[in-house]
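Read the structure below first, then the notes.
Side chains included, hydrogens not; waters and symmetry mates left out as well; all remaining heavy atoms used.
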Amino acid sequence: MSGDTEPLKHRTTAGSADSVDSVDSAGSAGSAGSADSAGSADSVGSADPADSLLARLSLNQRTVKQWSLPDLADGCARAGVRGVGLWRAPVQEYGVAAAARLVRDAGLRVTSLCRGGFFTALDPGERAAALDDNRAAIEEAAVLGTDTLVLVSGGLPTGSRDLPGARERIADALGELGPYAAERGVRLAIEPLHPMFAADRCVVSTLAQALDLAERFPVEQVGVVVDTYHLWWDDTVGAQIERAGKEPGGGARSRIAAFQLADWITPLPEGVLLGRGQLGDGSVDLRWFRERVEAAGYRGPIEVEIFNPALWAREGAEVLAEIVDRFRAHVG
């Protein structure tokens with residue numbers, strides 16, 4: 001990907017929504033990557049609870065950006081990591097159907113596809129283009145066999161200071177796309193981003209705001225992402241995770257569609273985007289988050305998503321081995 005370290009300028013539309021500099025970061029409803037599956041297919045039958053937890057570990061593609069898609073599939077298979085979170089641009093470059101076969105033939109599952117979203121534009125043409133791009137993303141997720149499309153909702157349009165209005169435009173888009181996604185076995189997963197990204201990337205900054213949006217729609221259509229990097233600072237996040245597990249009307253399915261890990265380290269780099277820390281290197285109580293999402297009913301994949309040039313400069317296999325060790329030490 002080009003321009004990985006360039007800052008994003010008030011992103012409100014999908015455009016080339018998959019380059020790392022834009023990060024803030026299904027074939028069927030019953031795919032192996034189902035985020036809510038109470039008995040994750042990979043955690044059943046293990047005598048050791050630690051092994052059961054490790055079986056839920058998924059590696060987000062951007063954590064080892066130095067790896068090609070074939071390298072990712074081979075490296076994860078060799079390391080015994082059975083889930084991968086994928087990004088649209090490299091998947092499109094490789095070929096969506098070919099990528100689906102590659103992952104499947106390696107014995108892996110796609111736990112999420114990143115990303116859709118960017119719903120906040122004011123211009124009708126830009127909004128229509130964003131909806132079209134998100135329909136394409138939903139279809140790609142379905143081909144890949146994941147039921148989770150992660151959404152980065154979009155920042156403020158240039159010159160705007162209307163946060164509530166931007167959030168309402170997100171709700172409008174979810175209302176249009178939710179049924180389309182559900183028909184294809186895909187759930188839209190709203191990811192709240194740290195408030196430092198509210199202006200240019202995502203006006204949804206807290207889990208409470210994400211749930212306020214998601215709860216307008218059926219749980220099978222819209223869920224939320226719990227990402228430790230973005231949410232660790234919020235002293236209400238425990239209560240909001242609990243809320244995500246309690247569907248109004250007594251429904252059993254959790255609103256948590258994806259659970260992602262990265263640590264918070266300081267000082268932040270210039271541009272802040274690429275400052276996510278390796279597990280255990282920073283301030284986040286990762287085990288606390290894991291225990292809370294499980295108490296809220298989430299038993300799905302645990303995806304490590306770290307954007308850090310120091311990790312990208314190392315051998316991918318070495319980085320993955322370190323992640324496995326850190327996962328055991330700080331998450332299990």
Side-chain angles (χ1 to χ4, degrees), residues 23-25 35-36 53 56 58 60 85 111-112 114-115 117 148 150-153 155 163-164 167 170 174 187-199 201-217 219 222-248 251 253-266 268 272-273 275-307 326-327 330-332:
V23 181
D24 27 300
S25 34
D36 295 294
L53 186 64
R56 294 166 57 196
S58 173
N60 187 279
T111 56
S112 71
C114 197
R115 68 186 178 213
T148 303
V150 175
L151 303 180
V152 177
S153 298
L163 286 167
R167 293 180 187 128
I170 295 167
L174 293 171
R187 182 154 63 150
L188 306 176
I190 305 167
E191 181 173 17
L193 270 59
H194 192 281
M196 65 184 173
F197 296 116
R201 298 179 190 278
C202 187
V203 298
V204 180
S205 301
T206 67
L207 189 55
Q209 291 169 355
L211 287 168
D212 287 346
L213 286 165
E215 288 172 354
R216 301 191 195 189
F217 307 100
V219 67
V222 184
V224 298
V225 180
V226 174
D227 185 317
T228 60
Y229 178 79
H230 293 300
L231 299 176
W232 74 277
W233 59 274
D234 184 355
D235 62 0
T236 73
V237 71
Q240 295 305 318
I241 290 172
E242 183 178 5
R243 170 187 169 188
K246 294 180 178 178
E247 256 310 283
R253 192 178 190 191
S254 172
R255 282 280 175 182
I256 301 173
F259 177 41
Q260 296 181 330
L261 303 179
D263 217 331
W264 180 275
I265 55 175
T266 52
L268 295 174
V272 307
L273 182 62
R276 297 190 185 203
Q278 173 64 287
L279 308 183
D281 279 354
S283 305
V284 182
D285 189 340
L286 300 168
R287 184 175 293 108
W288 181 92
F289 269 94
R290 193 262 300 168
E291 291 170 348
R292 294 307 180 277
V293 298
E294 289 180 353
Y298 182 81
R299 296 293 187 277
I302 304 173
E303 192 172 296
V304 176
E305 184 185 56
I306 304 170
F307 312 129
R326 298 293 188 92
F327 186 87
H330 298 287
V331 182

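With rounding to the nearest 0.5 Å, the separation of NE2 in H230 from CG in L193 is 3.5 Å. Interatomic distance, CD1 of I190 versus CD of Q209, reported as 11.0 Å (0.5 Å rounding). Here the straight-line distance linking atom CG of L279 with atom NE2 of H330 works out to 7.5 Å at 0.5 Å rounding. Rounded to the nearest 0.5 Å, atoms SG (C114) and CD (E305) are 6.0 Å apart. To the nearest 0.5 Å, atoms CD (Q278) and CD1 (I265) are separated by 9.5 Å. The CZ atom of F217 sits 9.5 Å away from atom CG of L188, with the distance rounded to the nearest 0.5 Å.
The nearest pair of heavy atoms linking L211 to R255 is CD2-CB, 4.0 Å. Taking all atoms of both residues into account, the shortest heavy-atom contact from L286 to L261 is CD2-CD2, 4.3 Å. Of all the heavy atoms in A214 and G223, the pair that sits closest is CB-O, 4.2 Å. Nearest approach of S112 to V150, heavy atoms of both residues: CB-CG2, 4.1 Å. Between F289 and V226, the closest heavy-atom pair is CD2-CG1, 4.0 Å. Taking every heavy atom of both residues into account, V204 and L213 meet most closely at CG2-CD1, 3.7 Å.
I302 has its side chain out of reach of V293: every pair of non-hydrogen atoms, C-beta onward, lies at least 4.5 Å apart. Looking at R326 and D281, their side chains come closer than 4.5 Å, going by heavy atoms from C-beta outward. Counting only heavy atoms from C-beta outward, the side chains of F197 and L273 approach each other to under 4.5 Å.
Judged purely by atom type and a 3.5 angstrom limit, S153 has no side-chain atom pairing as donor or acceptor with the backbone of G117. The main-chain N or O of S283 is found under 3.5 Å from a side-chain atom of D263 such that the two form a donor-acceptor pair. R167 places a side-chain N or O within 3.5 Å of a backbone atom of V203 that can act as its donor or acceptor partner. Remark: side-chain polar atoms of R56 are paired, donor with acceptor, to backbone N or O of G300 under 3.5 angstrom.
Counted by atom type alone, Q240 and T206 present zero donor-acceptor pairs between their side chains at under 3.5 Å.
Taking 4.0 Å as the cut-off between side-chain N and carboxylate O, E191 and R115 do not count as a salt-bridged pair.
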*Does the pair V272 and M196 meet the rule for a side-chain contact (heavy atoms from CB on, under 4.5 Å), with working shown?*
CA-CA 9 Å; V272 307; M196 65 184 173; 3.9 Å; yes
Trace of the side-chain contact (heavy atoms from CB on, under 4.5 Å) decision for Y298 with I241:
CA-CA 10 Å; Y298 182 81; I241 290 172; over 6 Å; no
task: For the pair E294 and R290, evaluate salt bridge (Lys or Arg N to Asp or Glu O under 4.0 Å) and give the outcome as yes or no after the intermediate values.
output: CA-CA 6 Å; E294 289 180 353; R290 193 262 300 168; 3.1 Å; yes
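Under the 30°/60° scheme for interplanar angles, the aromatic rings of W264 and H194 are found to lie parallel.
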